[in-house]
Amino acid sequence: MNLKTYVPLLLVVICAVTVRAQEPAPTPKINLMPIPASVKFHNERLAVDSNFKVATRGHSDARLQAGIWRFVKRLEGRTVLTLAPTLAADDQMTQLIIHCQGPGQNIPNLRENESYRIDITRRQAILSAPTVVGALRGLETLLQLLDADREGYFFPGVQIDDQPRFPWRGLLIDVARHFQTMEVLKRNLDAMAAVKLNVLHWHLTEDQGFRVESKKFPKLHQLGSDGNFYTQEQVKEIIAYARERGIRVMPEFDIPGHSTSWLVGHPELGSAPGPYTIERRPGIFEPALDPTREEVYKFLETFLGEMAALFPDDYLHIGGDENEGKQWDRNPAIQDYMKKKGIKDNHALQAYFNTRLLKILQKHGKKMIGWDEILQPELPKDVVIHSWRGTKALAEAAQKGYDGILSNGYYIDLIQPASHHYVSDPLPADSTLTPEEAKHVLGGEATMWAEWVTPETIDSRIWPRTAVIAERLWSPRNVTDIPDMYRRLAVISLQLEELGLTHKKNQEMMLRRLVRHDDVGPLRTLVSIIEPVKEYRRYQQRPQTMLSPLTGVVDAATPDSEAARKFAWMVKEFLDDAPRYQLYRSELSHMLADWQTSGASLEPMIDRSPALKEIKPLAHNLSHLGETGLEAISYLKLGMPPPREWRDTSLAKLEEAAKPYGALEFVVIGSMKQLVNAAADMGRR
Ligand code: ACM
């Protein structure tokens with residue numbers, strides 16, 4: 001993910017802006033995310049009141065009972081009803097019957113049958129599933145189906161037949177660059193289950209931290225983690241928590257590059273003598289394991305053996321990305337070795353390393369997965385390719401017979417809108433893969449790289465956007481309506497809060513801390529229409545290290561501004577309503593007036609809180625945006641062309657407002673330009 005610096009920024013900016021003009025369809029209907037494979041509504045409804053009882057028929061076990069318990073608690077939490085505490089024995093007295101055929105896979109794996117069926121009539125809801133995990137998926141759908149009106153809470157009459165499009169639907173959490181607590185992991189596992197994701201990809205080691213206890217080589221975590229690591233007991237706790245929710249836990253130990261933190265305690269593994277210290281900067285670094293020394297393989301054999309026993313998942317991710325081999329180039333012993341063995345370049349040397357690793361993993365019963373870079377002709381076909389570079393790389397791997405998963409397009413650390421991620425498909429409609437080849441495409445993973453997230457902010461970078469990636473990986477390919485996606489996402493986002501996710505609520509707390517006051521109104525207004533700059537520009541504009549506080553306005557601001565989308569929508573409707581210019585006029589005027597006054601009110605707040613100084617130009621520009629917008633609306637309303645120079649002065653103000661400050665940028669500039677040009681064009685017609 002540190003390719004970061006090379007990504008063509010312009011392209012990304014364009015992508016980010018193009019999605020702004022769309023907005024929710026007005027009629028609320030199906031609020032499910034992901035959308036099931038088949039849904040048929042009918043007119044009946046099943047009331048949910050304090051008589052609501054659940055029962056299981058067929059297979060039941062502790063995992064299913066715990067899932068039902070959580071379901072009932074969430075239903076109670078939402079409805080404020082006290083539901084029947086015991087499971088009912090009598091079918092006639094039962095509102096929800098769960099028919100589960102069997103336990104399914106003992107340890108969650110790719111072969112799990114996650115399908116389920118829901119039938120809701122006015123008398124009863126029946127959830128049937130071949131496995132416990134299928135039943136758990138169905139319970140999440142039921143919770144999303146819950147609706148209410150003045151008669152009370154109810155489940156709509158519906159028949160749902162559902163199963164995932166892809167078996168591998170993951171979320172990578174990088175706990176190495178910034179350590180994340182057990183609580184963060186657990187609440188995110190709950191959220192993953194809520195949107196039917198089934199793999200936690202645990203990125204445990206990096207240049208910036210080694211986060212898992214090794215009993216065999218304790219110097220790894222003792223010297224490589226600042227004391228922030230998971231004990232093996234905690235690892236087991238997370239694995240058990242995930243299993244309860246039908247989620248696999250796949251560890252990643254990124255080697256041979258991205259490995260500085262290993263070398264702090266074990267410099268002898270490195271390709272240069274050291275000493276090494278934990279890396280504090282973001283980026284790509286030189287340290288790499290030495291692939292030419294037998295001791296390194298002996299070490300890996302022991303370490304990976306220990307980890308293979310700790311993590312029950314079939315797969316172990318070895319990273320393999322972004323090793324530039326600079327230490328290898330400078331090490332004469334490595335160069336000699338390559339000559340002697342006829343290894344022609346660093347790629348071949350890494351392929352040699354991977355082949356040795358593969359043997360170690362096979363010995364410990366693990367399948368190997370790694371990032372694109374590991375794909376080399378010598379690699380056997382049972383290695384899985386994790387593509388961060390694109391669907392093309394994934395398709396090429398599939399054609400060669402390799403299984404693969406996609407993460408390109410799902411880099412949620414890059415602050416792109418949900419719509420950007422939503423259109424990325426592991427198997428796009430124009431794919432030329434044969435059905436046989438297409439079977440190699442197993443799914444994908446959202447990647448939460450953690451340069452700029454702490455336990456306080458990480459949820460706001462993962463959620464709610466990851467729910468749309470979950471939908472892309474679960475739902476049929478033709479589920480692509482972006483306005484409807486946003487409408488449903490707003491509903492799901494609120495439901496995620498009931499699981500303890502902090503993606504919404506922490507923002508207010510952070511704003512209060514910045515303002516040093518309860519009244520954050522003007523700052524909230526500003527933050528509602530700015531976003532952190534996208535891609536890798538944050539570090540360029542506002543350099544920090546892994547030890548810096550992530551408590552600034554840029555951290556409180558979130559991706560994918562809902563207010564900006566709403567503004568864009570209203571501007572479009574307003575301008576389409578020419579020559580009346582009536583539609584949404586009062587809403588727009590209200591919004592713009594708020595910008596204007598908030599900009600002014602922010603100035604004394606900034607003077608009281610030096611931490612806000614970096615946004616002073618944004619406050620100033622917020623006023624200008626409000627003022628310019630109000631002028632445009634007023635000209636349009638009166639049908640009065642503005643003075644000739646008005647367009648140029650207004651556009652110049654927008655140019656100024658388009659500049660980022662504090663690694664933050666306004667995301668309403670495009671719509672503002674439309675307003676200004678529409679007003680200025682009146683004189684030309
Ligand atoms: C990666 O982003 N280097 C996997």
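Just so you know, these numbers use all the heavy atoms, side chains as well, and skip hydrogens, waters and symmetry mates.
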Worksheet item: Hey, mind stepping through Glu445 and Trp168 against side-chain hydrogen bond (donor to acceptor under 3.5 Å, both in side chains) and telling me if it holds?
Response: CA-CA 8 Å; Glu445 289 184 357; Trp168 190 312; 2.9 Å; yes
Worksheet item: With under 30° as parallel and over 60° as perpendicular, where do the rings of His203 and Trp449 fit, or are they tilted in between?
Response: perpendicular
Worksheet item: Any chance the side chains of His258 and Glu206 put a donor and an acceptor closer than 3.5 Å?
Response: yes
Worksheet item: So, Glu456 and Asn506: side-chain donor and acceptor under 3.5 Å apart, yes or no?
Response: no
Discussion item. Can you tell me how far apart OG (Ser387) and CG (Asp372) are? Round to the nearest 0.5 Å.
Written reply: 4.0 Å
Worksheet item: Going by distance alone, is a donor N or O of one side chain under 3.5 Å from an acceptor N or O of the other, for Tyr402 and Asp382?
Response: no
Worksheet item: Considering only heavy atoms from C-beta outward, does the side chain of Glu252 approach that of Leu316 to under 4.5 Å?
Response: no
Fill in: Side-chain H-bond candidate by donor/acceptor type, Arg137 with Asn198, under 3.5 Å
no
Worksheet, complete the sentence: Partner of Ile118 under side-chain contact (heavy atoms from CB on, under 4.5 Å), picked from Asp161, Ile160, Asp162, is Ile160
Discussion item. For the CG atom of Leu139 and the OH atom of Tyr116, what is their distance to the nearest 0.5 Å?
Written reply: 10.0 Å
Worksheet item: Does the pair Glu498 and Arg78 meet the rule for a salt bridge (charged side-chain N to carboxylate O under 4.0 Å, His left out), with working shown?
Response: CA-CA 8 Å; Glu498 79 193 20; Arg78 236 188 263 171; 2.9 Å; yes
Worksheet item: Does the gap between the ring centers of Phe303 and Phe210 come in under 6.0 Å?
Response: yes
Worksheet item: Is any side-chain N of the basic residue among Glu140 and Arg74 closer than 4.0 Å to the acidic one's carboxylate O?
Response: yes
Worksheet entry | Modelled atom types, side-chain donor and acceptor of His503 and Ser493, under 3.5 Å | yes
Discussion item. According to salt bridge (Lys or Arg N to Asp or Glu O under 4.0 Å), who are the partners of Arg245, at least two apart in sequence or on a separate chain?
Written reply: Asp190
Worksheet item: What's the spacing between Leu136 CG and Arg63 CZ if we round to 0.5 Å?
Response: 6.5 Å
Practice prompt. Inspect the contact between Lys186 and Glu183 and indicate whether a charged nitrogen and a carboxylate oxygen are less than 4.0 angstrom apart.
Written response: no
Discussion item. I'd like to know if Arg538 pairs up with Glu535 as an ion pair, taking the criterion as any Lys NZ or Arg NE/NH1/NH2 lying under 4.0 Å from an Asp or Glu carboxylate oxygen.
Written reply: no
Practice prompt. For the pair His386 and His317, name the ring-plane relationship: parallel under 30°, tilted 30 to 60°, perpendicular over 60°.
Written response: perpendicular
Response to the item:
Looking only at heavy atoms, the pair that brings Ser561 and Glu531 closest together is N-OE2, 2.7 Å
Worksheet item: So Phe52 and Phe71, would you call those rings parallel, tilted or perpendicular, with 30° and 60° as cut-offs?
Response: tilted
Item to complete: Please step through ring pair (Phe, Tyr, Trp, His ring centres under 6.0 Å) for the pair Trp474 and Phe166, ending with a clear verdict.
Response: CA-CA 6 Å; Trp474 177 285; Phe166 294 107; over 10 Å; no
Worksheet item: Looking at CD1 of Ile97 and CG of Leu127, how far apart are the two atoms once the value is rounded to the nearest 0.5 Å?
Response: 11.0 Å
Worksheet item: Can you tell me how far the CZ atom of Arg177 sits from the CD atom of Gln208, to the nearest 0.5 Å?
Response: 5.0 Å
Item to complete: Could you walk me through whether Glu114 and Arg169 pass the salt bridge (charged side-chain N to carboxylate O under 4.0 Å, His left out) test, one step at a time?
Response: CA-CA 12 Å; Glu114 299 176 273; Arg169 307 177 309 279; 2.7 Å; yes
Worksheet item: Should the pair Arg472 and Tyr422 be classed as cation-pi, given the thresholds of under 6.0 Å to the six-membered ring centre and 45° from the axis?
Response: yes
Discussion item. I'd like to know whether Asp425 forms a salt bridge (charged side-chain N to carboxylate O under 4.0 Å, His left out) with Arg165, so could you lay out the CA-CA distance, the side-chain angles of the two residues, the decisive distance to 0.1 Å, and finally the verdict.
Written reply: CA-CA 11 Å; Asp425 192 321; Arg165 180 173 166 218; 3.0 Å; yes
Fill in: Donor-acceptor under 3.5 Å (Thr131 side chain, Gly134 main chain)
yes
Discussion item. Return the CD to CZ distance between Gln105 and Arg248, rounded to the nearest 0.5 Å.
Written reply: 11.5 Å
Discussion item. Whether Glu373 and Arg389 form a salt bridge (side-chain N of Lys/Arg under 4.0 Å from carboxylate O of Asp/Glu) is what I want to check.
Written reply: yes
Fill in: Parallel, tilted or perpendicular: ring planes of Phe311 versus Trp202, cut at 30 and 60 degrees
perpendicular
Worksheet item: Going by an N to O cut-off under 4.0 Å, is there a salt bridge joining Asp313 and Lys367?
Response: no
Fill in: Exercise: do Lys504 and Thr558 side chains pair donor with acceptor under 3.5 Å
no
Worksheet item: With a 4.0 Å cut-off, would you call Asp459 and Arg187 a salt bridge?
Response: yes
Discussion item. Could you check whether Phe179 and Phe229 have their ring centres less than 6.0 Å apart?
Written reply: no
Practice prompt. Compare every heavy atom of Ile469 with every heavy atom of His421, then report the nearest pair and how far apart it is.
Written response: CB-CG1, 3.7 Å
